[in-house]
Amino acid sequence: MLKGHCLPDLSEAAPTGPPTKTIACGSAVALASKGWNAECGPPQSCTSIDPLSHKTIVKTAFATLTLVNSAWRNPVVWCPGVAAPAVTMADIQEQAFRLLPHVAIGSAWTTTALVQAETVLWAGTGTDRSLGAVQIVGRTVHLRIAFDHAAWNFGDGSTDTVTTPGKPYDKTGDPCHTAQCADYYGHTYERTGPMTISLSVTWHAQFSFDNATWTDIPQPITGPTAQHTITLMQARGILVPPPNP
């Protein structure tokens, strides 16, 4: 019997009829060297496409021979069925969702802010992140995500959707001393009182079995919602007497 192949359970004889033997297909020389008076003929191998990785899977063809006059003859060549991978897209999407980061709300004002002046806000994340590798039914699956969009709810009835995380406020290198801050993203409130800001980040996700060839997960994935509460106050001018001469 040829070595080096994963063979099915071989049987020397069928329950009825002449004995049969199943072999892994090789060259006619290899068969002859084993004393088999038969050739597999084409195909020597079977191919199929992995529906997830889209790679070609090659499997050895087999031949079932019948014992005729003390020789193995009449080969019937067949290809073993290529089962679809046990990993499904739903499995991969579930793992990607489980590993999504919790994105915090960044704010130039931690607890209080002023009406009629822009409250600078940002999503506390970069645009591209690796989620690492996970094991799904025995296969290693690498996951990565890219920023798709951020959905903001400012707590005053206003909402916005943006395609970038926004720039963290830099009070030393790029301070803003005006009512509107051109270098930053934010929201201008019109009324006082507590406001609860909500942020949901949606990601474009990909997976790979070899960490080299990447495949898109069809639907974007939205992570957990973050919240941050600030109190809006009104700035008031106060007249003070001039300093004594």
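Side chains included, hydrogens not; waters and symmetry mates left out as well; all remaining heavy atoms used.
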*Can you tell if the side chain of Asp170 reaches within under 4.5 Å of the side chain of Pro175, non-hydrogen atoms only?*
no
*Do Ser208 and Asn211 have a side chain donor and acceptor closer than 3.5 Å?*
no
_Pro168 to Gly166 - nearest heavy-atom pair and separation_ = CD-O, 3.7 Å
*Which heavy-atom pair separates Thr213 from Asp210 by the least distance, and what is that distance?*
N-OD1, 2.9 Å
_Reported CG-to-OG1 distance for the pair Leu100 and Thr222, which is rounded to 0.5 angstrom_ = 8.5 Å
_Once side-chain hydrogen bond (donor to acceptor under 3.5 Å, both in side chains) is applied, do any residues pair with Thr125, and if so which ones, sequence neighbours excluded?_
Arg129
*Taking all non-hydrogen atoms of both residues, which atom of Ala226 and which atom of Ala104 are closest, and how far apart?*
CB-CA, 4.4 Å
*May I ask whether Trp214 and Trp203 are part of the same hydrophobic cluster, defined by side-chain heavy atoms of I, L, V, M, F, W, Y residues being less than 4.5 angstrom apart, directly or through others?*
no
*Tell me, with the steps shown, if His204 and Asp216 meet side-chain hydrogen bond (donor to acceptor under 3.5 Å, both in side chains).*
CA-CA 8 Å; His204 169 72; Asp216 290 342; 3.2 Å; yes
_Applying side chain to side chain contact (heavy atoms under 4.5 Å, CB included) to Gln227 and Ile197, what does each step give before you reach the verdict?_
CA-CA 5 Å; Gln227 291 187 328; Ile197 306 168; over 6 Å; no
*Who pairs with Thr164 by side-chain contact (heavy atoms from CB on, under 4.5 Å), at least two apart in sequence or on another chain?*
none
*asked:* Please report the interatomic distance CZ(Phe97) to CD1(Ile145), rounded to the nearest 0.5 Å.
replied: 12.0 Å
*asked:* Can you give me the closest heavy-atom contact between Ala150 and Leu199, atom names plus distance?
replied: CB-CD1, 3.8 Å
*Given side chain to side chain contact (heavy atoms under 4.5 Å, CB included), test Thr159 with Trp152 step by step and report yes or no.*
CA-CA 5 Å; Thr159 60; Trp152 290 92; over 6 Å; no
*From CD1 (Ile217) to CZ (Arg144), nearest 0.5 Å*: 11.0 Å
*Test side chain to side chain contact (heavy atoms under 4.5 Å, CB included) on Leu143 and Ile92 and set out the steps.*
CA-CA 9 Å; Leu143 297 167; Ile92 296 172; 3.8 Å; yes
*Parallel, tilted or perpendicular: which fits the ring planes of Tyr185 and Phe154, with parallel below 30° and perpendicular above 60°?*
tilted
*Please check if the side chain of Glu118 supplies one atom and the backbone of Cys181 the other of a donor-acceptor pair under 3.5 Å.*
yes
*asked:* Measuring from atom CD1 of Ile230 to atom NE2 of His228, what distance do you get when rounded to the nearest 0.5 angstrom?
replied: 6.0 Å
*Does atom CD of Gln116 have more than 12 heavy-atom neighbours from other groups under 6.0 Å away?*
yes
*Are Leu121 and Val162 co-members of a hydrophobic cluster defined by side-chain heavy atoms under 4.5 Å apart?*
yes
*Shortest non-hydrogen contact between Gln95 and Ile136, atoms and distance*: CG-CD1, 3.7 Å
*Side-chain (Thr88) to main-chain (Asp91) donor-acceptor, under 3.5 angstrom*: yes
*Is there a path from Met233 to Val115 through hydrophobic residues (I, L, V, M, F, W, Y) whose side chains come within less than 4.5 Å of each other?*
no
*asked:* Under 3.5 Å, is there a donor on one side chain and an acceptor on the other for Thr215 and Gln206?
replied: no
*Decide whether Met195 and Trp109 are clustered together by the hydrophobic rule: side chain heavy atoms of Ile, Leu, Val, Met, Phe, Trp, Tyr closer than 4.5 Å, transitively.*
no
*How long is the span from the OG atom in Ser107 to the NE2 atom in His187, to the nearest 0.5 Å?*
12.0 Å
_Can you tell me how far apart OG1 (Thr225) and CG (Asn153) are? Round to the nearest 0.5 Å._
9.5 Å
*Leu99 and Val201: same hydrophobic cluster, using ILVMFWY side-chain contacts below 4.5 Å?*
yes
*Considering all heavy atoms, the nearest Val141-Phe207 contact*: CG1-CB, 3.9 Å
*Tell me yes or no: between the side chains of Thr196 and Thr229, is some donor less than 3.5 Å from an acceptor?*
yes
*Linked hydrophobic residues, Trp122 as query - side chain contacts closer than 4.5 Å*: Val120, Tyr169, Tyr184
